[in-house]
K.L.:
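The structure is given below, and queries will be raised subsequently.
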Amino acid sequence: MRLTQIIAAASLALLSTFVMADDSAEKAIRKSLETLQLEVPVESISASPLAGLYEVKLKGSRVLYASADGQFVVQGYLFQLKDGKPVNLTEKTERLGISKLINGIPVAETVVYPAIGETKTHITVFTDTTCPYCHKLHAEIPALNKAGVEVRYVAFPRQGLGSPGDEQLQAVWCSADKKAAMDQMVNGKEIKAAKCANPVSKQFALGQSIGVNGTPAIVLADGQVIPGYQPAPQIAKLALGAK
């Protein structure tokens with residue numbers, strides 16, 4: 001059963017703190033989730049700030065909520081009214097999980113375009129060398145670097161593994177100079193590189209797990225995902241403001 005088929009939760013106002021789920025509640029919730037046959041595994045279950053509602057973290061940082069007896073499972077945003085303003089707790093939790101996953105990618109497994117001068121922040125971009133809007137963003141990397149933003153490319157063959165984009169990305173990652181190979185490939189020049197062990201399929205799977213379904217997909221340092229192309233000034237503003 002797909003996550004999108006689970007009933008959406010209503011927005012909730014709440015006050016409290018997170019605690020771990022007790023054994024009986026966790027067992028009941030896990031049993032219900034097994035019945036739903038979710039496409040991704042459960043990573044953890046803990047009590048949410050709302051009494052009687054439990055937070056279920058899935059692999060890839062997506063979040064569901066469940067009742068203590070496992071009879072009710074909902075997907076949607078959970079809000080807290082703080083100082084009269086709504087705080088999206090679900091989004092905060094998901095961003096934190098995504099930031100840990102993305103910032104945990106070894107830099108050596110990415111194609112890095114360093115900031116010029118002081119490195120103020122970084123962005124991670126899921127890219128495909130056959131994607132026109134990826135080419136457009138690539139042309140604006142110098143502007144991002146001048147703004148103090150380091151750009152890290154990870155692979156996401158948008159047409160799937162085994163596609164022309166997949167072959168091109170593997171050639172880039174198997175090149176001695178990945179940055180130069182990326183530049184050439186984006187400029188329409190064919191490059192040749194011997195087959196090697198590479199992280200393309202792993203990065204593709206990671207992108208899928210956090211909801212990436214197209215390129216470019218930009219992930220800020222705080223885990224916020226920006227789908228699609230945006231001009232360098234706007235990306236830089238968002239990246240530098242990410243906390």
K.L.:
Between the side chain of Glu140 and the main-chain N/O of Pro231, is any donor-acceptor distance below 3.5 Å?
P.N.:
no
K.L.:
About how many Å separate OG of Ser201 and CD of Gln170, when rounded to the nearest 0.5 Å?
P.N.:
7.5 Å
K.L.:
Would you compute the distance between atom OG1 of Thr124 and atom CD1 of Ile105 and round it to the nearest 0.5 angstrom?
P.N.:
6.0 Å
K.L.:
Should the heavy atoms of other residues, nucleotides or ligands under 6.0 Å from OH of Tyr229 be counted, would the total exceed 12?
P.N.:
yes
K.L.:
Compare all side-chain heavy atoms of Ser99 with those of Asp222 and state whether any distance is below 4.5 angstrom.
P.N.:
no
K.L.:
Is a side-chain N or O of Asn187 found less than 3.5 angstrom from the main chain of Met185, in a donor-acceptor match?
P.N.:
no
K.L.:
Do Ile29 and Phe72 share a hydrophobic cluster, counting only Ile, Leu, Val, Met, Phe, Trp and Tyr and linking them when any side-chain heavy atoms are less than 4.5 Å apart?
P.N.:
no
K.L.:
Using modelled atom types only, decide if a donor and an acceptor are shared between the side chain of Ser61 and the backbone of Gly97 within a distance under 3.5 Å.
P.N.:
yes
K.L.:
Rounded to the nearest 0.5 Å, what separation is found between the OG1 atom of Thr90 and the CD atom of Gln80?
P.N.:
11.5 Å
K.L.:
Roughly how far apart are Asp128 CG and His135 NE2, rounded to 0.5 Å?
P.N.:
7.5 Å
K.L.:
Charged N to carboxylate O below 4.0 Å: is that the case for Glu167 and Lys195?
P.N.:
yes
K.L.:
Check whether any side-chain N or O of Thr35 sits under 3.5 Å from a backbone N or O of Lys31 as a donor-acceptor pair, and report yes or no.
P.N.:
yes
K.L.:
For a 4.5 angstrom cut-off between non-hydrogen side-chain atoms, does Lys57 reach Arg62?
P.N.:
no
K.L.:
Determine the minimum heavy-atom distance between Trp173 and Glu109, stating which atoms define it.
P.N.:
NE1-O, 2.8 Å
K.L.:
Counting only N and O atoms by type, is there a donor-acceptor contact under 3.5 Å from the side chain of Ser209 to the main-chain atoms of Gly60?
P.N.:
no
K.L.:
Only counting residues at least two apart or in another chain, list the ones meeting salt bridge (Lys or Arg N to Asp or Glu O under 4.0 Å) with Glu34.
P.N.:
none
K.L.:
Side-chain donor-acceptor contacts of residues 142-153 below 3.5 Å, not counting sequence neighbours, with atom names and distances?
P.N.:
unit_1	atom_1	unit_2	atom_2	d
Asn145	ND2	Tyr113	O	3.1
Asn145	ND2	Pro114	O	3.3
Asn145	ND2	Val149	O	3.0
Glu150	OE2	Arg152	NE	2.7
Glu150	OE2	Arg152	NH2	3.3
Tyr153	OH	His138	ND1	2.8

K.L.:
Should the pair Arg30-Glu26 be classified as a salt bridge under the 4.0 Å nitrogen-to-oxygen rule?
P.N.:
yes
K.L.:
Indicate whether the side chain of Thr129 and that of Gln168 have a donor and an acceptor atom separated by less than 3.5 Å.
P.N.:
yes
K.L.:
Please report the interatomic distance CG(Asn103) to NE2(His122), rounded to the nearest 0.5 Å.
P.N.:
4.0 Å
K.L.:
Hey, what do you get for CD1 (Ile191) to OG (Ser175), rounding to the nearest 0.5 Å?
P.N.:
4.0 Å
K.L.:
Is there a path of hydrophobic side-chain contacts, each under 4.5 Å between heavy atoms of I/L/V/M/F/W/Y residues, joining Val63 to Leu78?
P.N.:
yes
K.L.:
Name all residues meeting the side chain to side chain donor-acceptor pair (under 3.5 Å) criterion together with Ser67; count only those two or more places apart in sequence or in a different chain, and write none if there are none.
P.N.:
Asp69
K.L.:
Taking the side chain as C-beta and beyond, is there a heavy-atom pair between Leu137 and Thr127 under 4.5 Å?
P.N.:
no
K.L.:
Checking Ser48 side chain against Glu55 main chain: does a donor-acceptor pair fall under 3.5 Å?
P.N.:
no
K.L.:
Start with the C-alpha gap between Ile102 and Leu206, add the side-chain angles, then the distance that decides, and say whether side chain to side chain contact (heavy atoms under 4.5 Å, CB included) holds.
P.N.:
CA-CA 9 Å; Ile102 296 301; Leu206 176 59; 4.1 Å; yes
